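A quick write-up on the structure given underneath.
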Amino acid sequence: KVGDNPTITAPIYANVGNEQLRLVDLSVDYNPNALGVSAVRPGADWRGDLISNINNAAGSTSLGGISASSLSGTRVHIATIDFVVRDSSLSFDLGGVVRTLASLTGDDIGDSTPRRFIAGAFGASHTPLD
């Protein structure tokens with residue numbers, strides 16, 4: 001619940017099953033009237049640098065990188081995005097575009113890219129989805 005807390009965090013997960021994830025490039029879209037991005041951090045499972053552009057465009061942040069080791073599983077924690085709450089009366093819907101989700105050899109994981117995704121919704125009366 002947001003309450004009086006001016007920041008919230010949104011973990012970003014990928015379900016890659018038995019595939020060997022090494023490359024990621026995606027953007028996360030949000031309502032810029034409700035939220036602003038303050039930081040993008042590597043997730044607990046990510047091994048290596050994660051490059052982000054938090055000022056990509058109003059309502060969108062980009063992130064990507066190459067993991068130092070292969071990752072697999074139904075809930076791979078790629079990144080965590082920290083948001084500043086601008087207006088807690090608005091819905092904090094998240095979505096985005098997967099531009100690359102691939103193995104080190106460049107083999108796509110999942111459906112063809114680019115593809116849209118829905119990350120979830122949370123707000124003043126909701127618990128963040130993770």
Side-chain angles (χ1 to χ4, degrees):
K1 187 171 180 177
V2 174
D4 296 329
N5 189 352
T7 62
I8 56 173
T9 60
I12 306 299
Y13 293 98
N15 178 353
V16 296
N18 293 324
E19 299 289 340
Q20 301 297 305
L21 175 65
R22 291 287 298 273
L23 309 169
V24 66
D25 179 12
L26 56 92
S27 64
V28 176
D29 302 326
Y30 56 91
N31 180 347
N33 295 316
L35 300 170
V37 175
S38 60
V40 177
R41 298 175 281 123
D45 298 324
W46 193 255
R47 303 290 176 249
D49 293 330
L50 193 66
I51 307 300
S52 63
N53 182 352
I54 63 174
N55 298 312
N56 186 43
S60 180
T61 189
S62 297
L63 61 99
I66 301 173
S67 178
S69 60
S70 296
L71 306 170
S72 62
T74 59
R75 192 172 160 97
V76 177
H77 187 191
I78 295 172
T80 297
I81 302 176
D82 297 326
F83 289 97
V84 174
V85 177
R86 293 183 173 157
D87 186 342
S88 63
S89 69
L90 300 174
S91 176
F92 304 158
D93 296 342
L94 300 178
V97 175
V98 174
R99 289 186 292 271
T100 303
L101 200 61
S103 68
L104 190 58
T105 58
D107 296 326
D108 282 337
I109 296 173
D111 296 334
S112 63
T113 54
R115 65 178 178 267
R116 301 264 332 143
F117 67 87
I118 298 172
F122 51 101
S125 61
H126 299 88
T127 301
L129 299 176
D130 61 304

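Computed from a predicted structure; not experimentally measured.
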Worksheet item: What residues form a salt bridge (charged side-chain N to carboxylate O under 4.0 Å, His left out) with D82, not counting sequence neighbours?
Response: R41

Worksheet, complete the sentence: In this structure, CD1 of I51 is separated from OG of S62 (nearest 0.5 Å) by 12.0 Å

Practice prompt. Under 4.5 Å between side-chain heavy atoms, chaining through other members, with only Ile, Leu, Val, Met, Phe, Trp and Tyr counted: pull out the rest of the cluster around V84, sorted by chain and number.
Written response: none

Discussion item. The criterion is salt bridge (charged side-chain N to carboxylate O under 4.0 Å, His left out); which residues satisfy it with D45, sequence neighbours excluded?
Written reply: none

Worksheet entry | Steps toward side chain to side chain contact (heavy atoms under 4.5 Å, CB included) verdict (D29, L94) | CA-CA 6 Å; D29 302 326; L94 300 178; over 6 Å; no

Worksheet item: Quick one: does V76's side chain get under 4.5 Å of E19's, heavy atoms only?
Response: no

Discussion item. Measuring only between side-chain heavy atoms, which start at C-beta, is R47 closer than 4.5 Å to S69?
Written reply: yes

Worksheet entry | Heavy-atom side-chain contact between N18 and S72 under 4.5 Å | no

Worksheet item: Distance-only, no hydrogens or angles: does the S70 side chain make a donor-acceptor pair with backbone N or O of L21 under 3.5 Å?
Response: no

Item to complete: Would you indicate whether the side-chain heavy atoms of T74 and Y13 approach each other to under 4.5 Å?
Response: no

Item to complete: Output the rest of the hydrophobic cluster of L23: all Ile, Leu, Val, Met, Phe, Trp and Tyr residues reachable through side-chain heavy-atom contacts under 4.5 Å, sorted by chain and number.
Response: I66, L104

Worksheet item: Linking I/L/V/M/F/W/Y whenever any side-chain heavy atoms sit under 4.5 Å apart, do I54 and I78 land together?
Response: yes

Practice prompt. For residues A34 and S91, report the shortest heavy-atom separation together with the two atoms involved.
Written response: CB-O, 3.9 Å

Discussion item. Minimum heavy-atom separation for A79 and L50, please, with both atom names.
Written reply: CB-CD2, 3.5 Å

Discussion item. Distance check, rounded to the nearest 0.5 Å: D107 atom CG versus Q20 atom CD?
Written reply: 11.5 Å

Worksheet item: With a 4.5 Å heavy-atom cut-off, do I8 and L35 have their side chains touching?
Response: yes

Item to complete: Begin with the C-alpha distance, continue with both residues' side-chain angles, and end with the deciding distance and a verdict on ring-ring contact (aromatic ring centres under 6.0 Å, His included) for Y30 and F83.
Response: CA-CA 10 Å; Y30 56 91; F83 289 97; 5.4 Å; yes

Discussion item. When you compare the side chain of V24 with that of T100, does any pair of heavy atoms fall below 4.5 Å?
Written reply: no

Worksheet item: Nearest 0.5 Å, what's the CG-OG distance between L71 and S103?
Response: 12.0 Å

Worksheet item: Should we say atom CG of D49 is surrounded by more than 12 heavy atoms from elsewhere, each under 6.0 Å from it?
Response: no

Item to complete: Report yes if some heavy atom in the side chain of I81 is under 4.5 Å from a heavy atom in the side chain of T9; otherwise report no.
Response: no

Worksheet, complete the sentence: Sequence neighbours excluded, the answer for salt bridge (charged side-chain N to carboxylate O under 4.0 Å, His left out) partners of R99 is D25

Worksheet item: Can D108 and R115 be counted as an ion pair, charged N to O under 4.0 angstrom?
Response: no

Worksheet entry | Partner residues of R86 under the salt bridge (charged side-chain N to carboxylate O under 4.0 Å, His left out) criterion, sequence neighbours left out | none

Response to the item:
Shortest non-hydrogen pair, D87 vs N33, comes out as CB-O, 3.5 Å

Fill in: Worked verdict on I12 versus V28 for side chain to side chain contact (heavy atoms under 4.5 Å, CB included)
CA-CA 9 Å; I12 306 299; V28 176; 4.3 Å; yes

